[in-house]
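The shown structure was predicted, so the numbers you read here are calculated from the model rather than taken from an experiment.
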Amino acid sequence: RSFVLDMTPTAFRDRTRRRGYDNDLAQFEAFDSLDLAQVTTPTLVVQGTADTDVTPDHSEHAVDEIPGAELLNIAGGSHFALFAHPDAAAAQRRVVDFLTADMPG
């Protein structure tokens, strides 16, 4: 909870971040394609199923396009589900397991 509360103000579009935020939006609109089919790195997509900031259809699209990608849905989770959901610890363990798979030692 503390982590999420500390991080939240960094996403606000206040006067100190407005130009950068507006630039980000303009850049995002300029993308024709993310070329997700070209991704060759093992990919785990984590999605809160109740996320209204980045809706589940985005994750489903990514998993459909990225070869071999896996989807970890966090049922009922918001945009911060990996940190603030009641099942966050289990999801975090899954992420760590994914990131450390096939690593020596």
Side-chain angles (χ1 to χ4, degrees):
R1 183 173 190 270
S2 177
F3 172 80
V4 172
L5 291 174
D6 289 345
M7 188 173 67
T8 300
T10 68
F12 291 147
R13 190 179 150 186
D14 65 9
R15 64 181 173 78
T16 63
R17 294 183 171 86
R18 185 169 295 126
R19 284 182 55 203
Y21 184 87
D22 290 344
N23 180 62
D24 287 348
L25 292 179
Q27 298 305 314
F28 294 151
E29 289 177 9
F31 288 126
D32 290 329
S33 170
L34 295 176
D35 293 325
L36 296 176
Q38 302 303 312
V39 174
T40 58
T41 303
T43 304
L44 176 66
V45 178
V46 180
Q47 176 71 52
T49 62
D51 189 342
T52 58
D53 294 307
V54 180
T55 55
D57 59 303
H58 288 87
S59 293
E60 292 162 8
H61 172 72
V63 169
D64 287 344
E65 295 291 318
I66 299 170
E70 298 177 41
L71 178 61
L72 171 59
N73 275 319
I74 302 174
S78 71
H79 194 62
F80 293 106
L82 188 58
F83 308 104
H85 190 273
D87 295 330
Q92 291 168 8
R93 280 192 301 277
R94 175 66 184 104
V95 170
V96 169
D97 289 346
F98 182 86
L99 293 173
T100 58
D102 298 324
M103 291 184 69

CG of L25 to CD of E29, rounded to nearest 0.5 Å, is 6.5 Å
Interatomic distance, L44 atom CG to L99 atom CG [nearest 0.5 angstrom]: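 Going from CG on L44 over to CG on L99, the span is 7.5 Å.
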V45: hydrophobic cluster co-members (side-chain, 4.5 Å):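 V63, L71, which link up through side-chain heavy atoms under 4.5 Å apart, make up the rest of the cluster.
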Look at the side-chain heavy atoms of Ile, Leu, Val, Met, Phe, Trp and Tyr, link any pair under 4.5 Å apart, and say whether F31 and I66 land in one connected group. yes
Any chain of hydrophobic side-chain contacts (each under 4.5 Å) joining V54 to V46? no
For F83, what residues pass the ring-ring contact (aromatic ring centres under 6.0 Å, His included) criterion, not counting sequence neighbours?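 Testing F83 for ring-ring contact (aromatic ring centres under 6.0 Å, His included), a comparison that skips the adjacent residues, returns F3.
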Between A81 and A88, what is the shortest heavy-atom contact and its length?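 Shortest heavy-atom separation between A81 and A88 comes out as O-CB, 3.6 Å.
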Closest non-hydrogen contact found for P56 with G48 is CG-O, 4.1 Å
Trace of the side chain to side chain contact (heavy atoms under 4.5 Å, CB included) decision for Q92 with L82: CA-CA 6 Å; Q92 291 168 8; L82 188 58; 3.9 Å; yes
Residue pairs passing the salt bridge (Lys or Arg N to Asp or Glu O under 4.0 Å) test with at least one member in residues 30-56, sequence neighbours excluded, are none
Can you run down the salt bridge (Lys or Arg N to Asp or Glu O under 4.0 Å) pairs that involve residues 73-97, sequence neighbours left out, and say none if there aren't any?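 Of all non-adjacent pairs touching residues 73-97, those that pass salt bridge (Lys or Arg N to Asp or Glu O under 4.0 Å) are E70-R94.
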According to the side-chain hydrogen bond (donor to acceptor under 3.5 Å, both in side chains) rule, which pairs have a member within residues 38-49, sequence neighbours left out?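 Listed by first then second residue: Q47-S59.
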H58: what forms a side-chain hydrogen bond (donor to acceptor under 3.5 Å, both in side chains) with it, not counting sequence neighbours? T55
